[in-house]
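These notes are about the structure you will find just below.
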Amino acid sequence: MERKLWDRKLRDALDLYSSEVVALSQEMVRIPSISGEEEKLALFVAGKLKEYGLEVTVDEVLPGRPNVYGVLRGKIGKPILMYNGHTDVVPPGEGWTDDPYSGVLRAGRIFGRGSADMKGPLASMMIAAKALKGAGVELRGNLVITAVIAEEENQMGTRRVVDGPIKGEFAIVGEPTRLNVCTAHKGDVAYEITTIGKAVHASVLHEGINAIYKMKEVIDSIEKFAVELEKRKRHPLLGPSTISVGTIEGGTIPAAVPAFCKIKLDRRLLPGEDAETGKKELESLIDSLKERDPDLVADVRTIVEVPPMETRQDHAIVRTIREVVLEVTGRDPGIEGVPYTTDGAILVKKGIPTVIFGPGDIKQAHQPDEWISVDEMVTATRIYAQTALQLLW
């Protein structure tokens with residue numbers, strides 16, 4: 001069958017099914033799925049994908065925490081396009097106008113925890129697969145939807161995907177980008193620095209070593225280093241690497257010289273930088289301080305690491321989705337970077353070129369009254385479906 005005929009059949013199916021994305025996303029928002037409690041939503045997603053005609057696997061990554069994989073098989077099975085979305089959300093917190101799990105539709109927006117991040121985008125991916133199946137499109141390659149756990153924690157769900165049998169030649173991660181095409185994001189590393197002092201009674205403080213005062217030297221040095229980072233290197237899409245002190249704790253009671261102090265730092269890495277290099281930079285700062293202060297005892301530990309991500313702007317996945325966005329919306333989205341981290345970093349690290357693309361705005365995430373635009377979800381459904389057709393035809 002000619003490609004133009006498949007295009008028409010797919011458009012007819014999208015006309016029929018696209019409106020279903022609203023009800024589907026509302027149902028998903030109404031199922032609480034805070035990190036660690038994804039099972040109920042995962043089983044719902046699995047049931048829907050089976051209903052849509054995909055081959056479904058439920059993969060228990062941890063007890064009660066399954067990934068779900070849905071496969072729309074092509075005639076050859078190659079290439080493989082992966083659509084990646086996460087089922088977990090952050091806790092709702094306080095300050096909501098409506099119940100955070102209401103999924104209420106108002107003024108063209110669906111409200112609720114996870115509506116933008118990222119149940120709405122995942123619903124768009126699912127309905128796109130339904131439209132492809134419903135149109136009877138004979139794809140050459142496979143479309144795989146991976147609905148994963150723990151993106152908001154340690155990305156264990158997508159780490160499981162890339163270490164398992166499900167592979168892909170390219171991927172789209174459906175984080176909210178306002179329907180812009182994003183090819184890069186910074187990495188995020190958390191370091192912990194501990195200074196060790198000597199505890200004595202505060203009445204004889206000169207016999208002790210104040211770990212908090214020692215940490216002040218370290219913090220002052222990090223603050224200067226942060227200024228250097230801003231000037232050192234800039235990425236054309238992401239700007240400079242950054243570092244900041246986020247938490248501090250130390251001591252036990254006011255009447256004792258503190259024997260320890262701990263800080264935790266956030267370091268945003270550019271593509272080409274890594275956590276080990278960042279750790280060595282901090283250790284070098286501390287070594288310089290020790291040359292002036294022999295009483296300084298400090299160590300650096302990496303506690304969280306998400307690598308940066310970048311996909312070549314001339315790669316087929318980037319060119320294709322950009323062309324489809326232009327065709328569907330009438331605007332060229334260009335190419336952007338995003339400041340937050342995603343599971344795309346795990347995919348790219350495993351050699352899978354990845355684009356971040358989805359309906360919704362990340363500014364709505366992790367706050368009260370989170371919402372997503374219905375129009376954007378419907379448009380995203382068309383873009384996901386037509387991108388799959390072009391890449392897998």
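Heavy atoms only: backbone and side chains are in, while hydrogens, waters and symmetry mates are out. Since we're looking at a predicted model, the values are computed, not measured.
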Polar side-chain atom of E310 near backbone of A184 as donor-acceptor pair, under 3.5 Å | no
Look at atom NZ of K290 and say whether more than 12 heavy atoms of other residues, nucleotides or ligands are closer to it than 6.0 Å.
-> yes
Parallel, tilted or perpendicular: which describes the rings of Y384 and Y83, with under 30° parallel and over 60° perpendicular?
-> tilted
Output, in order, the C-alpha distance, side-chain angles, deciding distance and verdict of side-chain contact (heavy atoms from CB on, under 4.5 Å) for V90 and I34.
-> CA-CA 5 Å; V90 298; I34 295 169; over 6 Å; no
Hey, does the side chain of E370 reach the backbone of A116 with a donor-acceptor pair shorter than 3.5 angstrom?
-> yes
For residues D188 and V304, determine if any side-chain heavy atom of one lies less than 4.5 Å from a side-chain heavy atom of the other.
-> no
Do D15 and R11 sit within salt-bridge range, that is, some charged N less than 4.0 Å from a carboxylate O?
-> no
Is the closest basic N to carboxylate O distance between E51 and K48 below 4.0 Å?
-> yes
Does any non-hydrogen side-chain atom of R292 lie less than 4.5 Å from one of E217?
-> no
Identify, with sequence neighbours excluded, every residue that meets side-chain contact (heavy atoms from CB on, under 4.5 Å) alongside T329.
-> V325, R331, T379, I383
Distance (rounded to the nearest 0.5 Å) between K262 NZ and D299 CG = 9.0 Å
Starting from the C-alpha separation in whole Å, work towards a yes-or-no answer on side-chain contact (heavy atoms from CB on, under 4.5 Å) for Y191 and L282.
-> CA-CA 9 Å; Y191 299 105; L282 290 172; 3.6 Å; yes
Give a yes or no on whether the backbone of T342 and the side-chain of Q155 come within a donor-acceptor separation of less than 3.5 Å.
-> yes
Considering only NZ, NE, NH1 and NH2 on the basic side and carboxylate oxygens on the acidic side, decide whether R322 and D332 come within less than 4.0 Å.
-> yes
Could you tell me whether R65 and E153 have a side-chain N and a carboxylate O separated by less than 4.0 Å?
-> yes
Test side chain to side chain donor-acceptor pair (under 3.5 Å) applied to N180 and T177, step by step = CA-CA 5 Å; N180 292 324; T177 65; 5.9 Å; no
Check for a donor-acceptor pair, side chain of D361 on one end and backbone N or O of Q364 on the other, with a separation under 3.5 Å.
-> no
In plain terms, say whether D163 and K350 are close enough for a salt bridge, that is, a side-chain N and a carboxylate O under 4.0 Å apart.
-> yes
Residue pair G168 / I352: nearest heavy atoms and the distance that separates them = O-CG1, 3.6 Å
Is a side-chain N or O of Q390 found less than 3.5 angstrom from the main chain of Q386, in a donor-acceptor match?
-> no
Test T195 against every option in I209, I286, V218 by the side chain to side chain contact (heavy atoms under 4.5 Å, CB included) rule and name the one that passes.
-> V218
Judged by atom type as modelled, is there a donor-acceptor pair below 3.5 Å linking the side chain of S33 to the main-chain atoms of T87?
-> yes
Begin from the C-alpha positions of V89 and D117 and carry the test side-chain contact (heavy atoms from CB on, under 4.5 Å) through to its verdict.
-> CA-CA 7 Å; V89 300; D117 185 20; over 6 Å; no
How about V374 and E376: do any of their side-chain heavy atoms sit closer than 4.5 Å?
-> no
Evaluation steps, side chain to side chain donor-acceptor pair (under 3.5 Å), between H201 and E207 | CA-CA 9 Å; H201 194 281; E207 295 180 12; over 6 Å; no
Between CZ on residue R140 and CD1 on residue I76, distance to nearest 0.5 Å | 5.5 Å
Are any of the side-chain heavy atoms of R160 and E60 separated by less than 4.5 Å?
-> no
Is it possible for you to say whether V104 and V21 belong to one hydrophobic cluster, with membership spreading through side-chain heavy-atom contacts below 4.5 Å?
-> no
With the 4.5 Å side-chain cut-off for hydrophobic clustering, are I127 and L392 part of the same group?
-> yes
Are the charged groups of R159 and E151 less than 4.0 angstrom apart, N to O?
-> no
F111 vs W371 aromatic rings, parallel, tilted or perpendicular, using cut-offs 30° and 60°?
-> tilted
Show your working on side-chain contact (heavy atoms from CB on, under 4.5 Å) between D98 and R106 and close with a plain yes or no.
-> CA-CA 11 Å; D98 302 290; R106 185 170 56 246; 3.0 Å; yes
Only one of E276, E281, E283 clears side chain to side chain donor-acceptor pair (under 3.5 Å) with K279; which?
-> E283
Rounded to the nearest 0.5 Å, how far does CE of M125 lie from CZ of F357?
-> 9.0 Å
Can N67 and T146 be counted as having a side-chain donor-acceptor contact under 3.5 angstrom?
-> no
Please determine if K130 and E20 form a salt bridge, counting it only when a charged side-chain N lies under 4.0 Å from a carboxylate O.
-> yes
Judged by atom type as modelled, is there a donor-acceptor pair below 3.5 Å linking the side chain of T311 to the main-chain atoms of T354?
-> yes
Of all heavy-atom pairs between L289 and S221, which one has the smallest distance, and what is that distance?
-> CD1-CB, 4.1 Å
Test: R312 and D314 ion pair at under 4.0 Å | yes
Between S284 and D287, does any side-chain donor sit less than 3.5 Å from a side-chain acceptor?
-> no
Would you say M377 and F44 are hydrophobically clustered, going by side-chain heavy atoms of ILVMFWY under 4.5 Å?
-> yes
Cluster question for you: counting only ILVMFWY and a side-chain heavy-atom cut-off of under 4.5 Å, with indirect links fine, are V348 and L270 together?
-> no
Smallest separation among heavy atoms of A388 and L81, with atom names = CA-CD2, 3.7 Å
How many angstroms lie between CD1 in I263 and CE in M215, if you round to the nearest 0.5 Å?
-> 4.5 Å
Is there a side-chain contact between L391 and I317 (heavy atoms, below 4.5 Å)?
-> yes
Residue pair I166 / M82, side-chain heavy-atom distance below 4.5 Å | yes
Are any non-hydrogen side-chain atoms of Y69 and D59 less than 4.5 angstrom apart?
-> yes
State yes or no: do V29 and W96 share one hydrophobic cluster built from I, L, V, M, F, W and Y residues joined by side-chain heavy-atom distances below 4.5 Å, directly or via other members?
-> no
Which distance, rounded to the nearest 0.5 Å, do you find between the OG of S102 and the CD of Q26?
-> 9.0 Å
Within 45° cone and under 6.0 Å: R113 NZ/CZ vs Y101 ring = no
Decide if atom NZ of K167 counts as having more than 12 heavy atoms of other residues, nucleotides or ligands within a radius under 6.0 Å.
-> yes
Return all side-chain donor-acceptor pairs below 3.5 angstrom for residues 236-257, not counting sequence neighbours, or 'none' if the list is empty.
| unit_1 | atom_1 | unit_2 | atom_2 | d |
| --- | --- | --- | --- | --- |
| S241 | OG | R267 | NE | 3.0 |
| S241 | OG | R267 | NH2 | 3.3 |
| S241 | OG | R268 | O | 2.5 |

Distance (rounded to the nearest 0.5 Å) between K119 NZ and H86 NE2 | 10.0 Å
Using a 4.5 Å cut-off on heavy atoms from C-beta on, say whether the side chain of D293 contacts that of K214.
-> yes
